[in-house]
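Remember, predicted model here, so these are calculated numbers, not experimental data. The sequence lines fix the lettering, A, B, ..., with proteins before strands; numbering per chain opens at 1.
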Protein chains: 2
Amino acid sequence: MLSKKTKYAFHALTYLGKHRDQKTVLIQDISEEYGISHKFLENILLELKKAGILGSKKGKGGGYYLIKEPKDVALSKVIRLLDGPIALLPCVSLNYYEPCIECKSEAACGLNKVMIQVRDEMLKVLENKTLADILDKE
Amino acid sequence: MLSKKTKYAFHALTYLGKHRDQKTVLIQDISEEYGISHKFLENILLELKKAGILGSKKGKGGGYYLIKEPKDVALSKVIRLLDGPIALLPCVSLNYYEPCIECKSEAACGLNKVMIQVRDEMLKVLENKTLADILDKE
DNA sequence: TAATTACCCCATCTTTTTTATAGGTTTTAT
DNA sequence: ATAAAACCTATAAAAAAGATGGGGTAATTA
């Protein structure tokens, strides 16, 4: 399951996507809209900024804004950023690979093979669906 | 990611599948093979038994054995049993549904729609692949 | 200059989940 | 009768997630 952090990130991105007409959006506006702690959300937005998805402006009239087109923000990117691996096993993760400790040989592991398939099916959706798809349906 | 519990369950099932020629297999044999704590594994095997996947026999000469054909043990069943929901959000879980607290309307939630797709793609694999597929590749 | 707002680093605290252990009970073969 | 092995329940320990709070600094607008 996705962590709250990731879910909050999606909420924030959706909110920012909906308010692209205004220059900036305050952290507080988003945190109030969804009942998320201001401080908790601050960290999430900061991570999204560092990842190049959001921009920000300090001072009065400042706030956050989408720096990318919604269609260019793949859901997989957001999940990996906040939650880490999408795969169900570390040994089949593309971005966070780690061998399974108790596994003698990956090549001879039947579970490994199936989980690669699951990963690929998940990625078919998560790599191709974007923030734009979410906004479309709201 | 799958919990260790689930991963251990798959290891145990694989082991039992490989040793179907013998009447029973000791917990200890499996725990030693994969370096899993005996007691921890005990609970896992018990759950698999209660779910009707394994059978057991007490006393000397006792142990566990597969009660189902490997081809009849869907991977989804094992995951749900030990780990709970397969879906990435509670609001799209078929077996463990819960509404999202901060969500005003599920019908108007764009994330919900996409996560239904992800769930269905995952299930396409996990419902159709079975222990037999794992055993094939080992 | 004053007010606003993001940025940053930290520390801590609670809650939940996961992982692991302990100790005793029941069944069964020999 | 004894030993072997599963069965059962409870609890502890560890890790992760979620949340809060302080104390600022830096940039920007008015």
Side-chain angles (χ1 to χ4, degrees), chain A residues 1-9 11-12 16 22-32 34-67 79 81-85 88-90 96 100-102, chain B residues 1-9 11-12 16 22-32 34-51 53-67 79 81-85 88-90 96 98 100-102:
Chain A
M1 300 265 268
L2 299 182
S3 67
K4 287 195 177 181
K5 225 170 168 178
T6 301
K7 236 164 56 168
Y8 292 166
H11 286 319
L16 286 163
Q22 48 188 102
K23 275 181 189 156
T24 63
V25 169
L26 297 182
I27 294 180
Q28 189 152 0
D29 292 344
I30 304 174
S31 77
E32 279 173 5
Y34 298 103
I36 308 169
S37 134
H38 180 104
K39 279 287 197 178
F40 199 42
L41 186 57
E42 191 178 296
N43 290 316
I44 295 168
L45 295 179
L46 218 48
E47 286 197 68
L48 290 168
K49 187 195 169 183
K50 282 177 188 161
I53 297 170
L54 299 183
S56 67
K57 201 185 156 197
K58 290 181 183 176
K60 193 167 186 180
Y64 280 95
Y65 50 90
L66 267 176
I67 210 170
I79 295 177
L81 193 64
L82 282 308
D83 248 7
L88 296 185
L89 290 180
Y96 298 85
C100 289
I101 317 154
E102 75 281 7
Chain B
M1 300 266 269
L2 299 182
S3 66
K4 284 196 180 181
K5 223 170 168 180
T6 301
K7 233 163 60 167
Y8 290 167
H11 285 320
L16 286 162
Q22 51 188 99
K23 275 182 189 155
T24 63
V25 169
L26 297 182
I27 294 180
Q28 189 151 1
D29 291 345
I30 304 173
S31 77
E32 279 173 5
Y34 298 102
I36 308 169
S37 133
H38 179 106
K39 281 289 193 176
F40 195 44
L41 186 58
E42 192 178 296
N43 290 316
I44 296 168
L45 295 179
L46 218 47
E47 286 196 68
L48 290 168
K49 186 195 170 182
K50 283 176 186 161
I53 297 169
L54 299 184
S56 67
K57 205 184 154 199
K58 288 183 182 175
K60 193 166 188 180
Y64 281 95
Y65 51 90
L66 267 176
I67 210 170
I79 294 176
L81 192 65
L82 283 309
D83 249 6
L88 296 185
L89 291 179
Y96 297 86
E98 271 181 60
C100 289
I101 317 154
E102 75 282 5

Engineer: Check the distance between C:dT18's C1' and B:Leu81's CG and give it to me in whole angstrom.
Structural biologist: 16 Å

Engineer: Expressed in angstrom and rounded to an integer, what is the separation of B:Lys4 atom NZ from C:dT21 atom C1'?
Structural biologist: 15 Å

Engineer: Is B:Leu45 touching bases, backbone alone, or none of the nucleic acid, heavy atoms closer than 4.0 Å?
Structural biologist: nothing

Engineer: Provide the start and end nucleotides, 5' to 3', of the part of DNA chain D that has atoms under 4.0 Å from heavy atoms of chain B.
Structural biologist: D:dA4 to D:dT9

Engineer: Would you say that B:Leu82 contacts B:Glu47 through its side chain, given a criterion of any heavy-atom pair below 4.5 Å between the two side chains?
Structural biologist: yes

Engineer: When the distance from CZ of A:Phe40 to P of C:dT14 is rounded to whole Å, what number comes out?
Structural biologist: 17 Å

Engineer: Over 60° means perpendicular and under 30° means parallel, so classify the ring planes of A:Phe40 and A:Tyr8, tilted if in between.
Structural biologist: perpendicular

Engineer: Quick one: on DNA chain D, does A:Lys60 or A:Tyr8 contact a more 5' nucleotide (nearest heavy atom)?
Structural biologist: A:Tyr8

Engineer: Touch check for A:Lys39, heavy atoms < 4.0 angstrom, all strands: base, sugar-phosphate only, or nothing?
Structural biologist: base

Engineer: Just by modelled atom types, is the A:Thr6 backbone N or O under 3.5 Å from a matching donor or acceptor in the A:Asp83 side chain?
Structural biologist: no

Engineer: With side-chain contact (heavy atoms from CB on, under 4.5 Å) as the criterion, how do A:Ile36 and A:Leu41 come out once you've worked through the C-alpha distance, each side chain's angles and the decisive distance to 0.1 Å?
Structural biologist: CA-CA 7 Å; A:Ile36 308 169; A:Leu41 186 57; 4.1 Å; yes

Engineer: A:Leu46 has an atom CG; how far is it from atom P of C:dC10, in whole Å?
Structural biologist: 14 Å

Engineer: Rounded to whole Å, how long is the line connecting atom CG of A:Leu54 with atom C1' of C:dT5?
Structural biologist: 16 Å

Engineer: Need to verify one output field. Residue with the more 5' nearest nucleotide on DNA chain C, A:Lys49 or B:Lys58?
Structural biologist: A:Lys49

Engineer: Rounded to whole angstroms, how far apart are CE on A:Met1 and P on C:dT16?
Structural biologist: 15 Å

Engineer: Would you kindly give the CD1-to-C1' distance between A:Ile30 and C:dA6, to the nearest whole Å?
Structural biologist: 13 Å

Engineer: Please determine, by modelled atom types, if A:Ser56 and A:Lys49 share a side-chain donor-acceptor pair under 3.5 angstrom.
Structural biologist: yes

Engineer: Is the backbone N or O of B:Tyr64 less than 3.5 Å from a side-chain atom of B:Thr24, with the two atoms forming a donor-acceptor pair by type?
Structural biologist: no

Engineer: Would you please name every residue forming a salt bridge (Lys or Arg N to Asp or Glu O under 4.0 Å) with A:Glu102, sequence neighbours left out?
Structural biologist: B:Lys7

Engineer: To the nearest Å, give me how far apart CD (B:Glu42) and C1' (C:dT27) are.
Structural biologist: 14 Å

